[in-house]
Amino acid sequence: MKYKDISGAVLFAIIGIVVGLIQPFHNLEPLGHYIIGTVIITMGLWIFKPGGVPFMAGSTVLVAGGLIFGLQYDVVVSGFISSSVWILIPALYFGFALQKTGLGKRIAYLVLKSFKPSWMTMALSWLIIGIALSALTPSITVRIAIMMPIALGVIEACKLEYRSRGSAFISLICWAMCLFPGTGWLTGSLSGPLILGFLPAELKHLVTFETYFQILALPWMIITFVFVILVYLFMKPKVELGISKDTFKNEYKALGPVSRQEIVTACILLGTLIMFTTEKLHSIPAPAVALLALFSLLMFRIVEPKEIGTGANWDVIVFYGVTISLSTIFMAANIDSWVAPMLYPALLSLADSPLIFLLVATLVFFLIRLIDVPWGFSTIALTVGVLLPLFNQYGIHPLVSSFVYLAGINFFLLSYQQPWMAMAESVIENKGWMSKHIFVAGICYIVAVIVAIFVTLPYWQLIGVL
């Protein structure tokens, strides 16, 4: 056990207890202090994981603390009735099925044998696959569950050491392509509907599929391309792969004929993707489609009864459900109404210069994400009201302002900041990357976001949304 992990968790626990007992924040109710203290203790466990404790350890502290201090059950566990949780659970089994049946490895070899192997072609392949799947399904959980096992198959096909620079290069670009490209249009990821849901009622009419794509597609394509280029420049291993195209062809042949399990799994997943993309036609919600797909995997014995407990990482599921309950918890404890008057004047003071506003707000949101673990949802809920005066007084379109939120949602420097990363790690069994690789890729992302702001600002001014 690392002493710094214990020390960090203990320090956070002390700070949390002090906040709860002393109640130092003026005009904040006692309940608000208790909840903030509980969240601080929880963050310490999530960040440092003393003794290797799972995410569930911090999750149980947060849920128990909320109940002890008087919050209702439907508040502290509100995330578990979220539709995204009921997509996440089946999606984890999708990845398990791809690995168990060998379908993921077959797809990886099928892709690899179609081009001359190199670090560049691998990076470009993930970019293309990410864009294509973003067009097929808005569910990031589904994309991760499908793509990450393929990344693991590529790592194994290239005979790379697990958690090496090479495996990190492959798996981190794959993971990023599950997130970044689809952020640029309303139905490309769950972030689009999320932002629409957060917007004040007076602004919702300004957001359509067309306006969302017109305003946000360009910056997210820039971020995607710049990120891939930077990761290639700074994370590409110095040695070449040293594997010929014929090697992958031979490896593919060695897999033998396609099995019945692979065919069934492919049909179920392909059918699921089609249903996701045609929801307007059949009106069956995505969670129902995902659950029916899991039912099919169980009925066809792709997932055996004994594998129900091991096929999905329940630590990740609990962590996901608890983190997205935080916004409801903050509102119930009146923390949002306490914070808002302190934040709005500072944000509006920057609005005279859209460039300064976007740069400062984005970088500040990145810093906040060090403690606002669940994609910054709590921060979004506390600040989204400022988008109305930004539009009415300064002419900044709410989707331009929302770029800050979207950049923060996808932000990462450490693995605990991204529940999507925790999910990906579970799918590939922690064989992809180490903490240092995540940090370097995170810096590449920050640079890509800053570049996108500078490049896109003249475009936004040209189309009249600034």
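What you are looking at is a predicted structure, and each value in this text was computed from that prediction instead of being measured.
- A donor-acceptor pair is defined here as one N or O able to donate and one able to accept, closer than 3.5 Å; such a pair exists between the side chain of W338 and the backbone of H26.
- In this structure, the side chain of T362 does not engage the main chain of V404 through any donor-acceptor pair within 3.5 Å.
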request  = List the steps, then state whether side-chain contact (heavy atoms from CB on, under 4.5 Å) holds for I308 with L298.
outcome  = CA-CA 9 Å; I308 292 175; L298 291 167; 4.3 Å; yes

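- Under a cutoff of 6.0 Å and an axis angle of 45°, K436 and F439 do not form a cation-pi pair.
- A 4.5 Å side-chain heavy-atom check between L45 and P50 finds at least one atom pair inside the cut-off.
- F213 and W185 have tilted rings, their planes meeting at an angle from 30° to 60° on a 0 to 90° scale.
- Distance CE/M235 to NE2/H437: 5.5 Å, rounded to 0.5 Å.
- The shortest distance between side-chain heavy atoms of L406 and N410 does not fall below 4.5 Å.
- How far CD1 of I268 is from CZ of F94: 8.5 Å, rounded to the nearest 0.5 Å.
- Taken from CG in L218 to CD1 in I223, the straight-line distance is 10.0 Å, to the nearest 0.5 Å.
- Checking side-chain atoms of Y405 against main-chain N and O of T379 turns up no donor-acceptor pair under 3.5 Å.
- Looking only at distances, no side-chain donor or acceptor of H33 sits under 3.5 Å from a matching main-chain atom of I22.
- Surrounding CD of Q72 are at most 12 heavy atoms belonging to other residues, nucleotides or ligands under 6.0 Å away.
- Taking the six-membered ring for Trp, F357 and Y394 have ring centres at least 6.0 Å apart.
- T211 meets the side-chain contact (heavy atoms from CB on, under 4.5 Å) test with T208, L399; sequence neighbours excluded.
- T265 and A97 make their closest contact through CG2-CB, 4.0 Å (heavy atoms, listed as atom of the first residue, atom of the second, distance).
- Not counting sequence neighbours, the partners of T328 by the side-chain hydrogen bond (donor to acceptor under 3.5 Å, both in side chains) test are S78.
- With contacts defined as side-chain heavy-atom distances shorter than 4.5 Å, the pair F48/F12 qualifies.
- With hydrogens and angles ignored, the 3.5 Å screen pairs no side-chain donor or acceptor of R163 with any backbone N or O of K431.
- You'll find the side chain of Q418 stays beyond 4.5 Å of the side chain of I438, heavy atoms only.
- The side-chain hydrogen bond (donor to acceptor under 3.5 Å, both in side chains) test applied to N334 returns E29, not counting sequence neighbours.
- Inter-residue side-chain proximity for L359 and F454 is flagged as met; some heavy-atom pair is nearer than 4.5 Å.
- In plain terms, the two heavy atoms of A168 and W433 that are nearest each other are CB-CB, 3.9 Å.
- The only option from W119, W175, F234 that meets the ring-ring contact (aromatic ring centres under 6.0 Å, His included) definition with F169 turns out to be W119.
- Checking side-chain atoms of T456 against main-chain N and O of I453 turns up no donor-acceptor pair under 3.5 Å.
- When atom types are taken as modelled, the side chain of W46 and the backbone of F55 share a donor-acceptor pair closer than 3.5 angstrom.
- Shortest non-hydrogen contact noted between V322 and L62 is CG1-CD2, 3.4 Å.
- Judged by distance alone, with hydrogens and angles left aside, the side-chain atoms of Y445 form a donor-acceptor pair with the main-chain N or O of A407 at under 3.5 Å.
- The distance from the CG atom of L203 to the CG atom of N392 is 7.0 Å, given to the nearest 0.5 Å.
- To the nearest 0.5 Å, atoms CD1 (I409) and OG1 (T183) are separated by 8.0 Å.
- Two residues are said to be in side-chain contact when any heavy atoms from C-beta on lie closer than 4.5 Å; I36 and F25 meet this criterion.
- The minimum heavy-atom distance between L199 and P398, with the atom names listed, is CD2-CB, 4.1 Å.
- Heavy-atom contacts from other residues, nucleotides or ligands closer than 6.0 Å to CD1 of I81 number 12 or fewer.
- Taking each heavy atom of I131 and M221 in turn, the nearest pair found is CD1-SD, 4.4 Å.
- Interatomic distance, OG of S296 versus CG of L291, reported as 11.0 Å (0.5 Å rounding).
- Applying the side chain to side chain contact (heavy atoms under 4.5 Å, CB included) test between F227 and each of L230, T224, I229, V231 identifies V231 as the sole match.
- Here the side chain of W86 pairs a donor or acceptor atom with the backbone of F80 at under 3.5 angstrom.
- A 4.5 Å side-chain heavy-atom check between F365 and T383 finds every atom pair outside the cut-off.
- You'll find the side chain of L358 reaches within 4.5 Å of the side chain of V400, heavy atoms only.
- V228 approaches A123 most closely through the heavy-atom pair CG1-CB, 3.9 Å.
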